[in-house]
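Beneath this line is the structure, given in structure tokens, with notes to follow.
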Amino acid sequence: MAELTVRYFAAAAEATGTEQETVELPEPALLGALQDLLVERYGDPMRRILRSGSFLVGGVVRRDRDHPVSGTVDVLPPFAGG
Amino acid sequence: MRADARPAVLAAIRSTPITVEEVAAFVGSPADGAVVTFAGVVRNHDGGRPVTALEYQAHPDAEQFLTEICARLAAESGLRVAATHRVGRLAIGEVALAAAVAAPHRAEAFAACAELVDRIKAEVPIWKRQRFAGGDSEWVGL
């Protein structure tokens with residue numbers, strides 16, 4: 001199993017009730033599996049966030065389910081600056 | 001001709017008030033005949049509902065994203081570029097985003113400033129919660 005630190009911001013922190021947690025994913029750990037786990041764990045609010053949201057992996061915004069994940073991954077709700 | 005050795009871009013995220021004058025002053029130079037600025041201002045309605053305030057939150061790396069966007073556009077266009085974004089609780093009429101581009105002529109300054117604002121809105125990890133007159137609130141964009 002791969003151990004990940006997942007950080008939550010804004011609406012994602014509200015949906016989870018936490019700003020950070022550790023999750024385990026089967027190897028090879030992919031973004032899609034993390035996405036599925038989060039939706040399973042946090043339900044519709046998380047589904048809504050991830051529908052147009054993204055992840056920060058290694059300093060780069062990612063959306064592709066096949067992208068490998070390790071270390072720390074940030075859950076980014078849809079951006080709303082400006 | 002540019003003889004100055006000032007930094008190429010100004011990009012900042014902060015919780016204190018921001019102004020377009022600041023970004024305009026940064027980009028302006030004697031070689032530029034056009035300075036286009038944009039102020040993103042908190043408005044009092046959204047989707048037909050009265051809004052009383054906005055709260056902005058930024059990812060810890062947001063300023064780095066903003067800097068990269070400004071630097072990339074400056075490199076692509078050869079123009080001077082600046083943008084600041086405010087975070088925290090903002091009242092109606094306060095400036096949330098200030099952007100400026102200077103160019104020798106207006107057409108390229110208008111185009112580059114519009115592109116800058118589009119990229120900032122699409123690519124910088126910043127979130128806002130709007131508070132409605134009824135006391136409830138929601139995250140924008142969900």
Side-chain angles (χ1 to χ4, degrees), chain A residues 4-23 31-32 34-65 67-82, chain B residues 11-14 18 20 38-43 46-47 51 54-70 83-88 90 94-99 113-130 136-142:
Chain A
L4 295 177
T5 300
V6 184
R7 300 196 301 174
Y8 302 103
F9 296 89
E14 237 169 59
T16 59
T18 185
E19 294 185 344
Q20 183 173 321
E21 68 180 337
T22 303
V23 306
L31 204 47
L34 175 62
Q35 208 166 333
D36 295 343
L37 181 148
L38 294 180
V39 169
E40 188 185 349
R41 191 174 287 182
Y42 298 110
D44 275 344
M46 184 57 73
R47 194 190 316 274
R48 217 161 47 239
I49 289 164
L50 295 181
R51 195 172 50 203
S52 42
S54 56
F55 296 88
L56 191 67
V57 185
V60 179
V61 175
R62 304 280 184 191
R63 290 185 177 84
D64 42 321
R65 293 180 55 88
H67 194 83
V69 288
S70 61
T72 299
V73 176
D74 292 350
V75 178
L76 309 178
F79 302 158
Chain B
I13 292 176
R14 56 175 185 251
I18 58 172
V20 290
F38 172 82
V41 178
V42 178
R43 64 166 181 259
D46 189 56
V51 170
L54 287 184
E55 285 166 23
Y56 285 85
Q57 269 183 33
H59 186 277
D61 299 338
E63 190 169 87
Q64 192 184 321
F65 278 81
L66 184 63
T67 303
E68 282 165 14
I69 287 166
C70 289
T84 54
H85 203 298
R86 193 170 164 197
V87 291
L90 275 69
E94 290 195 290
V95 178
L97 168 63
C113 192
E115 178 66 22
L116 175 63
V117 173
D118 285 349
R119 290 186 190 180
I120 290 169
K121 292 177 83 85
E123 297 174 31
V124 181
I126 291 178
W127 304 283
K128 69 183 163 209
R129 175 198 272 292
Q130 52 190 3
D136 57 326
S137 69
E138 68 176 21
W139 290 101
V140 175
L142 286 185

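Fair warning: this is a prediction, and the values are worked out from it, not measured in the lab. Residue numbers start from 1 in every chain, and the chains themselves are labelled A, B, ... in the order their sequence lines are given, proteins ahead of strands.
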Exam field: side chain B:Trp127 to backbone A:Pro77, donor-acceptor pair closer than 3.5 Å: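 Checked: pair present.
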Side-chain donor or acceptor of B:Tyr56 paired with backbone N/O of A:Ala80 under 3.5 Å: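 No, because the side chain of B:Tyr56 does not come within donor-acceptor range (under 3.5 Å) of the backbone of A:Ala80.
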Please report the shortest heavy-atom distance between [X] and [Y], naming the atom on each side.
{"X": "B:Trp139", "Y": "A:Glu14", "result": "NE1-OE1, 3.1 Å"}
{"X": "A:Pro78", "Y": "B:Gly141", "result": "CG-O, 3.4 Å"}
{"X": "A:Gly81", "Y": "B:Lys128", "result": "O-NZ, 4.3 Å"}

Within 6.0 Å of CD in A:Gln20, more than 12 heavy atoms from elsewhere: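 Yes, CD of A:Gln20 has more than 12 neighbouring heavy atoms, counting only those of other groups under 6.0 Å.
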A:Val61 vs B:Phe65 side-chain heavy atoms within contact, under 4.5 Å: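 Yes. Closest side-chain heavy atoms under 4.5 Å.
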Separation between CD1 of B:Ile126 and CG of A:Leu76, rounded to the nearest 0.5 Å: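 Rounded to the nearest 0.5 Å, the CD1-CG separation comes out at 12.0 Å.
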Toward chain A, the part of B:Ala122 with a non-hydrogen atom under 4.5 Å: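 Backbone only.
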Contacting moiety of B:Gln64, where chain A heavy atoms sit under 4.5 Å: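 Looking at B:Gln64, nothing touches chain A.
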Winner by heavy-atom pair count (cut-off under 4.5 Å) against chain A, out of B:Gln57, B:Arg129, B:Arg86: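 Heavy-atom pairs under 4.5 Å are most numerous for B:Arg129.
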Choice from B:Leu142, B:Leu97, B:Val140 maximising heavy atom contacts with chain A below 4.5 Å: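 Most pairs with chain A among the choices: B:Leu142.
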